[in-house]
Structure formats: structure tokens, C-alpha cells
Amino acid sequence: MSPANRTARISLTRYLVEQQREHGHIPAQLRLLIEVVARACKTIAIAVNKGALGDVLGTAGSENVQGEVQKKLDVISNEVLIEANEWGGHLAAMASEEMDSIHVVPNRYPQGEYMLLFDPLDGSSNIDVNVSIGTIFSVLRKIGHARGIAEEDFLQPGKQQAAAGYCVYGPQTTLVLTVGSGVAMFTLDRETGSWVLTAEQVQIPEDTREFAINMSNLRHWAPPVRRYIDECLAGREGPRGKDFNMRWVASMVADVHRILTRGGVFLYPWDKREADKPGKLRLMYEANPMAFIVEQAGGMATDGQRRILDLVPGKLHERVAVVLGSRHEVERVTRYHAETGGAA
Ligand code: AHG
Ligand code: MN
Ligand code: MN
């Protein structure tokens with residue numbers, strides 16, 4: 001059945017219901033959660049689309065906990081996700097790139113068994129220049145039945161995620177989702193307002209000739225990353241014996257989406273500009289959900305040495321080095337780190 005065929009359209013709701021029937025791993029609360037997040041993404045997509053016609057461009061005049069200047073859309077998207085999710089009874093608490101500490105569901109609403117983490121607006125530097133941006137989310141289960149919830153409840157390794165996804169606000173608005181049984185993509189039909197299944201069991205090719213890294217940081221990288229990129233740049237005459245192409249959107253969602261679509265490897269490694277931090281990207285709401293999606297699509301994700309999904313977070317806003325995408329390239333980068341004695 002071709003999902004492009006109008007009469008055979010499969011909506012997000014139908015996909016989730018059928019996944020529950022087939023695999024039994026999407027209880028009603030999780031289904032509600034995913035549908036609410038997807039609906040919030042539609043609201044964010046509408047705000048993104050308004051651009052200069054709405055009051056959505058430029059900075060908000062505030063900083064987040066990581067010391068980054070917040071854009072208006074960072075703040076708007078964060079509010080949309082919180083307001084959409086706090087009343088449904090499916091969540092115990094939320095955490096976000098844009099909030100210092102966790103947001104516990106207020107007492108006036110029932111508490112659910114899930115915890116939601118998000119990067120409400122990924123690729124903030126691309127908002128004002130009209131380049132693809134996105135939303136990334138991760139879902140964890142609250143472990144234990146103790147009343148109340150604290151930040152420690154969130155500090156679970158990524159392999160315990162119940163679901164993860166992202167939405168790309170690009171030429172098309174696309175929602176990519178995993179609940180642990182492969183990766184599905186849904187395209188927003190703006191005429192009907194529904195998410196339509198447009199790809200299922202997405203697979204990342206094991207080999208690639210395309211890498212994504214911010215080359216302007218080359219002089220700050222550790223030797224294993226430098227070696228890997230030098231070899232790619234050497235092309236057909238070098239040790240790899242083939243030419244490589246490069247892409248860098250500077251929105252992780254857009255770079256990961258390209259890799260899911262046609263393969264590639266994405267690196268945001270440690271670099272000596274901020275030597276005391278493991279990397280730029282955040283483990284719990286950027287690296288973990290993307291690593292879950294990439295692994296579910298047959299790819300691989302490490303911090304240069306260890307599988308990202310095995311890392312046990314020490315704090316909510318922890319950072320991590322990221323190497324993800326086509327399996328053979330990620331294996332190679334990880335091997336180079338091992339050979340150099342583990343420099344990240
Ligand atoms: P965010 O906008 O949520 O802070 O994330 C931006 C991240 C990521 O999306 C992207 O891959 C990377 O930062 C871009 O970094 P550079 O500006 O160093 O290219
Ligand atoms: Mn981000
Ligand atoms: Mn962000």
C-alpha cells in the first residue's frame with residue numbers, strides 16, 4: 001500500500017493504534033503523549049511559518065541555563081510544549097534545554113507515569129535566516145511508584161527511552177518517531193492538518209561518502225577526529241580511496257534527517273575551546289533521542305568511545321561528544337579514538 005495514495009493514508013493515530021496491536025508497547029498514556037507532542041509541533045510549525053509576519057524572529061532578551069541567548073522562538077516553542085503536555089495526565093514532569101530545572105506537572109492535574117524531555121527549538125541560529133530548524137524529544141518512564149518526582153528520576157541511560165522523535169520545520173514539516181520498533185516518518189498535510197505516514201522502517205545505509213562537521217573548529221579537535229576528517233579530505237588519492245562530500249546545516253535535526261534519508265556521518269566532537277566540557281550537544285534531549293532513532297534505523301551512535309545510549313547522565317543538562325550515522329563510518333571514528341588511547 002503506497003502511503004502517497006490518498007485513499008490508503010495512514011495517520012499518526014492509526015499508526016500508533018496498530019503498533020500497540022502488533023507489538024503491545026504503546027499504552028494509552030504513551031499514545032496520548034506522542035499525539036500531544038505531535039500537535040504541539042504543528043503549533044510550533046505555524047509560528048515558524050509566520051516569520052517576519054508574526055512576532056517570532058529575533059532574540060527574547062534572556063539567557064538559558066547554558067548561558068545561550070534565547071531566541072523568541074526558543075521561548076515560544078518551550079511554552080507551547082509545556083502548555084500542551086501538562087494537563088493530559090500522561091506526564092509526571094518535563095525537562096527542557098530552555099529551563100534550568102524540571103517542570104513538575106502542577107497538583108491540579110493528574111500525574112502520569114512518563115517524563116518528557118525536549119529541545120524545543122533546535123538550530124536556533126537558523127531561525128532568522130529561514131533555514132530548517134526543529135524540535136527534538138525523548139520519553140522516559142518514571143521508575144518506582146514513590147510519590148513526587150525529582151531531577152534524579154530523569155537521570156536514566158538513553159537505552160531506557162520509551163520513545164523518541166524530532167520534527168523538522170523545513171520545506172516540508174516532517175515528524176520522525178521511534179517507539180523501539182523501527183523508525184517511521186510522517187509528513188504534515190497542511191490542508192487536512194493531519195500527520196500522514198510517508199516512510200516506515202527507515203534504514204541508514206551502512207556506508208557513505210558524506211560527512212557533517214563544523215570545519216571551522218578543525219584546529220581545536222583531538223587527533224582521532226582530525227585523522228578521520230583529514231583522511232576524508234584526502235579523497236581518492238588518500239587512504240580511503242574515495243572522494244567525500246561535506247554538509248553542515250548547523251541544525252542537528254536537519255543534519256540527522258539528511259543522514260536518515262541518504263546516509264552520512266555527523267560529528268560534534270569534544271574540542272579544546274571548552275576543554276572542560278565533553279562536547280557542545282546535550283546528552284538527554286539532543287544526543288539520546290537522536291541516538292535511539294539512529295540505532296533503530298540500523299545506524300550507530302557513540303561519543304567517540306562509548307555507545308551514547310549506555311551513558312548514565314550525572315545531570316540534566318550534561319553535554320556529550322557525538323558521532324552518529326552510517327555504521328561503518330561511526331565504527332571507524334570510534335576505532336581511531338581507541339587506537340589513540342581514548343582521547344575524546
Ligand atoms: P540549539 O539551537 O538547540 O542550541 O542547538 C544547536 C546545535 C545543533 O543543532 C547544531 O548541530 C549545532 O548546535 C551547531 O553548532 P555550530 O554553531 O557550532 O555549527
Ligand atoms: Mn539543539
Ligand atoms: Mn534548542
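Remember, it's 1-based here, ligands and their atoms both numbered in the order they're listed. All values below come from the heavy atoms of this structure, side chains included, with hydrogens, waters and symmetry mates left out.
Looking only at protein heavy atoms, the nearest one to atom 18 (O) of ligand 1 is Tyr268 OH, 2.6 Å.
Ring planes of Trp248 and Phe266: parallel class, angle under 30° (limits at 30 and 60°).
For atom 4 (O) of ligand 1, the nearest non-hydrogen atom from the set Gln70, Arg282, Arg273, Gln66 belongs to Arg282. Of the options Lys280, Met290, Glu98, the smallest heavy-atom separation from atom 14 (C) of ligand 1 is shown by Lys280.
Every atom of ligand 1 is numbered from 1 in the order shown, and the set under 4.0 Å from a heavy atom of Leu281 is 7 (C), 8 (C). Against a heavy-atom cut-off of under 4.0 Å, Leu121 is close to the following atoms of ligand 1: 2 (O), 3 (O).
Between Glu331 and Arg335, no side-chain nitrogen of the basic residue sits less than 4.0 Å from a carboxylate oxygen of the acidic one, so the salt-bridge criterion is not met.
Residue Glu97 approaches the Mn ion (ligand 3) most closely through its N/O/S atom OE1.
Computed with the Mn ion (ligand 2) at the centre, the Asp122 OD1 to Asp119 OD2 angle is 100°, stated to 10 degrees.
Donor-acceptor pairing under 3.5 Å is recorded for the side chains of Thr334 and Thr302.
The shortest N or O to N or O distance between Ser251 and ligand 1 is not below 3.5 Å.
The Mn ion (ligand 3) lies at 2.8 Å or more from every N, O or S atom belonging to Glu286.
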